Number of protein chains: 2
Amino acid sequence: MSGSSRELPHPDPADLVLTDVLFALSDPARLEITRRLAEGPLEVAACQPVGGDIPKSTLSHHLKTLREAGVVRNVPHGRRRYVSLRRDDLDDRFPGLLAAVLTPALAGEPQDPLRLE
Amino acid sequence: MSGSSRELPHPDPADLVLTDVLFALSDPARLEITRRLAEGPLEVAACQPVGGDIPKSTLSHHLKTLREAGVVRNVPHGRRRYVSLRRDDLDDRFPGLLAAVLTPALAGEPQDPLRLE
DNA sequence: CAAACTGTTCAACTATTATCGAACCATGAG
DNA sequence: CTCATGGTTCGATAATAGTTGAACAGTTTG
């Protein structure tokens with residue numbers, strides 16, 4: 001039914017701390033994940049980087065950092081989990097931040113190997 | 001005269017990396033410094049936190065982190081140094097980011113002991 | 001030139017964070 | 001029930017970042 005256990009803790013919107021959010025986003029892998037989530041919720045496995053082959057535990061750790069900072073929500077759904085961006089909460093608390101950070105890398109920024117396809 | 005030596009290296013505007021900037025701003029002390037600089041350039045000593053008593057070397061280290069990320073500029077001026085926010089470069093490269101980050105803490109955020117005066 | 005002043009750099013230490021295999025734990029399928 | 005699946009948690013180790021005193025380097029002043 002709906003009473004799924006295995007719920008993970010999430011900070012209340014009012015408790016979000018800017019420096020924690022900035023820190024969570026200051027890692028290239030986590031920023032990448034966040035940007036991907038901007039297009040819609042994903043299950044954990046789908047958060048893997050493009051040609052990525054990072055261990056499950058490492059990915060889980062990054063998601064934990066994002067979750068504890070209040071950047072993403074992680075809810076159990078069947079035997080999977082859906083990760084989603086807490087866009088409303090972030091926009092409410094830190095207006096403009098997400099927009100600035102989600103902006104695709106500008107020309108010339110050595111952010112990631114550009115994937116053309 | 002004007003030919004001061006002792007110039008410190010600063011990254012070119014085009015080389016600014018978003019994750020580095022976010023990281024530099026993810027420390028409460030550095031964010032505080034950045035916010036103060038938003039109101040105008042300061043000499044290094046004036047970057048001290050309010051009731052602050054942190055050692056010179058620690059402060060210098062934080063300023064170095066900010067400088068290397070491209071957040072601030074640090075230029076020699078007589079026997080002092082002026083630290084200033086690289087607002088134009090940041091706005092140019094990451095539009096909206098600075099505005100979002102400089103926004104005074106919203107109601108309820110446990111960012112700093114509220115100083116009322 | 002010598003002393004005082006402002007701030008950086010160095011070096012050592014501590015603390016936090018990242019990484020990753022292995023164990024574990026619900027859930028859904030057979 | 002038993003097994004495979006998807007993902008978290010644990011524990012250990014490596015890597016990075018923060019803190020700080022002391023040494024050092026220009027600048028100005030006397």
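These numbers come from a predicted model, not from an experiment. In what follows, every heavy atom counts, from backbone to side chain, and hydrogens, waters and symmetry copies are set aside. Naming: A, B, ... by sequence-line order, numbering from 1 per chain.
One atom, CG of D27(B), and another, P of dA17(D), lie 12 Å apart when rounded to the nearest Å. Atoms OH (Y82(B)) and C1' (dG7(C)) sit 14 Å apart, rounded to a whole Å. If you take CZ of R81(A) and P of dG7(D), they are 9 Å apart, rounded to a whole angstrom. We find that CD of E43(B) is positioned 14 Å from P of dT28(D), with the value rounded to whole Å. The distance between atom NZ of K56(B) and atom C1' of dT20(D), rounded to the nearest whole Å, is 12 Å.
A cation-pi arrangement is absent between R73(A) and Y82(A) under the rule of less than 6.0 angstrom and at most 45 degrees off the ring axis.
Nearest-nucleotide assignment on DNA chain C puts the 5′-proximal partner with R80(B), out of P9(B) and R80(B).
In terms of phosphate contacts, R30(B) brings a side-chain nitrogen or oxygen within less than 4.0 Å of OP1 or OP2 of dG18(D). Of the side-chain N and O atoms in N74(A), none sit less than 4.0 angstrom from OP1 or OP2 of dG7(D). In this model, the phosphate group of dA17(D) is not approached by any side-chain N or O of H62(B) to a distance below 4.0 Å at OP1 or OP2.
Listed candidates were dG18(D), dT9(D), dT27(D). Nearest to the side chain of R67(A) is dT9(D).
Judged by atom type and distance alone, S60(A) does not reach the base of dG7(D) through any side-chain donor-acceptor pair under 3.5 Å. Below the 3.5 angstrom threshold, one finds no donor paired with an acceptor across the side chain of T58(B) and the base of dG18(D).
Linking ILVMFWY residues whenever their side-chain heavy atoms come closer than 4.5 Å, directly or via other members, places I33(B) and V44(B) in the same cluster.
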